[in-house]
Protein chains: 2
Amino acid sequence: MIIDCHGHYTTTPKALKAWRNAQIANLNTPELGPKVSDLKISDDEIRESIENNQLARMRERGIDVTIFSPQASAMSHHIGDFNTSATWAALCNELCYRVTQLFPNHFIGAAMLPQSPGVDISTCLPEMRKCISEYGFVGINLNPDPSGGHWRDPPLSHPQWHPIYEEMIALDVPAMIHVSTSCNECFHTVGAHYLNADTTAFMQCLTSDLFAQFPTLRFVIPHGGGAVPYHWGRFRGLAKDMNIPDINQKLLNNIYFDTCVYHQPGINLLTEVIPVKNILFASETIGAVKGIDPETGFYFDDTRRYLNAVDSLSNQEKAMIFEGNARKVFPRINNRIPK
Amino acid sequence: MIIDCHGHYTTTPKALKAWRNAQIANLNTPELGPKVSDLKISDDEIRESIENNQLARMRERGIDVTIFSPQASAMSHHIGDFNTSATWAALCNELCYRVTQLFPNHFIGAAMLPQSPGVDISTCLPEMRKCISEYGFVGINLNPDPSGGHWRDPPLSHPQWHPIYEEMIALDVPAMIHVSTSCNECFHTVGAHYLNADTTAFMQCLTSDLFAQFPTLRFVIPHGGGAVPYHWGRFRGLAKDMNIPDINQKLLNNIYFDTCVYHQPGINLLTEVIPVKNILFASETIGAVKGIDPETGFYFDDTRRYLNAVDSLSNQEKAMIFEGNARKVFPRINNRIPK
């Protein structure tokens, strides 16, 4: 079985975007709507949006299951206040829940949180609990920069984040550390901000005692870990200079990298430098890069091909990356999809 | 001959730091000093600080020449105003100039600019001209984020930067795009902010027509290009989705990556995916990572070893990376060090 741990509902029916635009238009006059009940999306519309897109690609590529969360760039936590995010997150999560109900063998949910810059993270707990306990979701996406590229909240090691970690541990779910749209014109969203956030989050973990405080906390750092594996020697060296005796011991019981790296040399490097137990298969399809690589004739984001082509991985190791590790990091998968 | 295009004066005599601390202590009362003339550093002190550090390593490793600029993290353009930066940059550049005079066969200068957040970049031109024309420097370091991790200035494609580009072209010098200390607690300076800035700058170039406007402008993106080579497929794919027919044509006549990647797999990837003509040898010694890699027994930043070990590069290609490309990107080297 192949489980893709990183998929987003990027192909939602148009009514969702229209609803969000109306919400943004009335940020200062929410009494003018839209109401939650104004959003009308039928099951058939959802089916069509999935069958012709994510599910079609999964079938072409032999991917069985995708862990599916609301579109990351559209979370836009920087817009409005907590109530804005709360309503928006609830709508987006419910749509993903409906996808998981319509395609129970192929999609498992992960929750978007109703974060808002500077707002107590505890406000996200009710939505998180609903998604995990009622919707059967298996993880959450945690945005380390709800300001959208201004980085005004403190690092992930700061106590302000602790309530979410405590709940993650209580519910036995991991967080994918995933930013949203950049509203800082310096940062292109998927070309710079996403990758920068991955590297930033890793370094926040390296320079803190977060995992000593929360030994069972689990983070998935997406997009192949940003710049981290490519600069693994730099990070090992920085750790050594900081008198951290073993970076693997400090971080690699808690941090996992996905395989959203869209060419063969990148996947070769990732699997060469990062222990197999810390790598989770993912493609983020349909996501940041939509086209076909003229050099290969296949989709850039068809990451299964790159992994299949890594000769140095045994079949057992590939099975860990494709399935086994995801079941360990997201143990609630096992409630939904038996081994 | 081997030319290292990325070295900083990180080992300055202690008096420099003391002077800077005094400057910062009197930011609001600059009339209380310190004066430029208060800084006393003898030639012997400079000799000692170099011979026992950078030059010792260069001799051990067989590096002939280093392009040498003031310590990047200490530029701290976010501190004070233009006058603060102007005085500090002039002091730091003069010290590098003295290094190049004391060791004319081994060090060539590159200039720090007296940038200050939100201040017209034209204010940097006099210092830049002095360094190139009087001091014989061959390049500049351009900080794309003088705010120090808050990214409040516009992207490198914005017209506010044009005066510096026009002068670079007139003087035929490249810029290394290099940030300084992060004063945003989210970003570790050398573990996150530096790498993020590299990726960010690359993406600013990809999403603009900067090099169509300035076809002979040359940028060196340090630290192996941040996350860029590792995600080269992602960037090729993003370019394709943006209807950019050829990312190499758009960017690789103007952008060069250094080799400050501190392990063998990273250098293997860099040399596999980036054309040889776009790679410049560098180690940033003594810099971010100071220790010896227990896995190899050699310094993490001894990047010559990694390049020597890349079997797929011919001797001619290695000579381009070690020397030839630097002479093309920094043509003023040829005035100082004959081929």
Side-chain angles (χ1 to χ4, degrees), chain A residues 144-145 149-155 158 184-188 190-193 195-200 202-204 206-207 223-224 226-238 240-241 260-266 268-270 272-273 288-295 300-301 306, chain B residues 144-145 149-155 158 184-188 190-193 195-200 202-204 206-207 223-224 226-238 240-241 260-266 268-270 272-273 288-295 300-301 306:
Chain A
D145 172 32
H150 296 289
W151 294 91
R152 293 187 185 123
D153 276 78
H158 190 278
N184 181 327
E185 65 173 339
C186 286
F187 302 128
H188 185 274
V190 300
H193 188 43
L195 303 177
N196 294 351
D198 303 334
T199 309
T200 299
F202 181 85
M203 202 64 204
Q204 291 176 357
L206 182 61
T207 53
H223 320 108
V228 172
Y230 174 49
H231 286 284
W232 195 236
R234 185 180 188 89
F235 291 98
R236 287 198 295 112
L238 288 171
K240 196 167 175 299
D241 289 349
C260 292
V261 180
Y262 297 154
H263 63 154
Q264 189 68 51
N268 292 348
L269 179 137
L270 172 65
E272 182 178 355
V273 304
V289 175
K290 296 179 180 57
I292 289 173
D293 185 348
E295 291 184 9
F300 281 103
D301 65 4
Y306 310 133
Chain B
D145 173 32
H150 296 288
W151 294 91
R152 293 187 185 122
D153 276 76
H158 189 278
N184 181 327
E185 65 172 341
C186 286
F187 302 129
H188 185 273
V190 300
H193 188 43
L195 303 176
N196 293 351
D198 303 334
T199 309
T200 299
F202 181 86
M203 203 63 205
Q204 291 176 357
L206 182 62
T207 53
H223 320 108
V228 173
Y230 174 50
H231 286 284
W232 195 237
R234 185 180 188 89
F235 290 99
R236 287 198 296 112
L238 288 171
K240 194 166 177 299
D241 289 349
C260 293
V261 180
Y262 297 154
H263 63 154
Q264 189 68 51
N268 291 348
L269 179 137
L270 172 66
E272 182 179 355
V273 304
V289 176
K290 295 178 180 58
I292 289 174
D293 185 348
E295 292 184 7
F300 281 104
D301 66 3
Y306 310 133

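Remember, it's a predicted structure, so these values are computed and weren't measured experimentally. Just so it is clear: chains get the letters A, B, ... in the order the sequence lines come, proteins before strands, and each one is counted from 1.
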Does the side chain of [X] reach to within under 4.5 Å of the side chain of [Y], using non-hydrogen atoms?
{"X": "Val289(B)", "Y": "Phe235(A)", "result": "no"}
{"X": "Gln204(B)", "Y": "His188(A)", "result": "no"}
{"X": "Lys240(A)", "Y": "Pro294(B)", "result": "yes"}

Among [options], single out the residue with the greatest number of heavy-atom pairs under 4.5 Å to chain A.
{"options": "Val273(B), Asp145(B), Asp293(B), Asn268(B)", "result": "Asp293(B)"}
{"options": "Asp198(B), Leu270(B), Val228(B), Leu206(B)", "result": "Leu270(B)"}
{"options": "Pro144(B), Gly191(B), Ala192(B), Ala197(B)", "result": "Gly191(B)"}

Considering all heavy atoms, the nearest [X]-[Y] contact:
{"X": "Tyr230(A)", "Y": "His263(B)", "result": "O-NE2, 2.7 Å"}
{"X": "His231(A)", "Y": "Cys260(B)", "result": "CE1-O, 3.8 Å"}
{"X": "His150(B)", "Y": "Asn184(A)", "result": "O-ND2, 3.9 Å"}
{"X": "Cys186(B)", "Y": "Asp153(A)", "result": "SG-O, 3.0 Å"}
{"X": "Asp241(B)", "Y": "Lys290(A)", "result": "OD2-N, 2.8 Å"}

Contacting region of His193(A) [heavy-atom separation from chain B under 4.5 Å]: neither
Side chain / backbone / both / neither for Thr207(A) at chain B, heavy atoms under 4.5 Å: side chain
Heavy-atom pair count under 4.5 Å with chain B, highest-scoring of Gly149(A), Gly291(A), Gly224(A), Gly226(A): Gly226(A)
Most chain B-contacting option - heavy-atom pairs closer than 4.5 Å, from Phe202(A), Trp232(A), Phe300(A), Tyr262(A):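 Answer, by heavy-atom pair count under 4.5 Å with chain B: Phe300(A).
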Structural part of His223(B) lying under 4.5 Å from a heavy atom of chain A: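 Both the backbone and the side chain of His223(B) come within 4.5 Å of chain A.
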Kindly compute the distance separating [atom1] ([X]) from [atom2] ([Y]), expressed to the nearest 0.5 Å.
{"X": "Arg234(A)", "Y": "Asp301(B)", "atom1": "CZ", "atom2": "CG", "result": "10.0 Å"}
{"X": "Leu269(A)", "Y": "Glu272(B)", "atom1": "CG", "atom2": "CD", "result": "10.0 Å"}
{"X": "Asn196(B)", "Y": "Thr199(A)", "atom1": "CG", "atom2": "OG1", "result": "5.5 Å"}

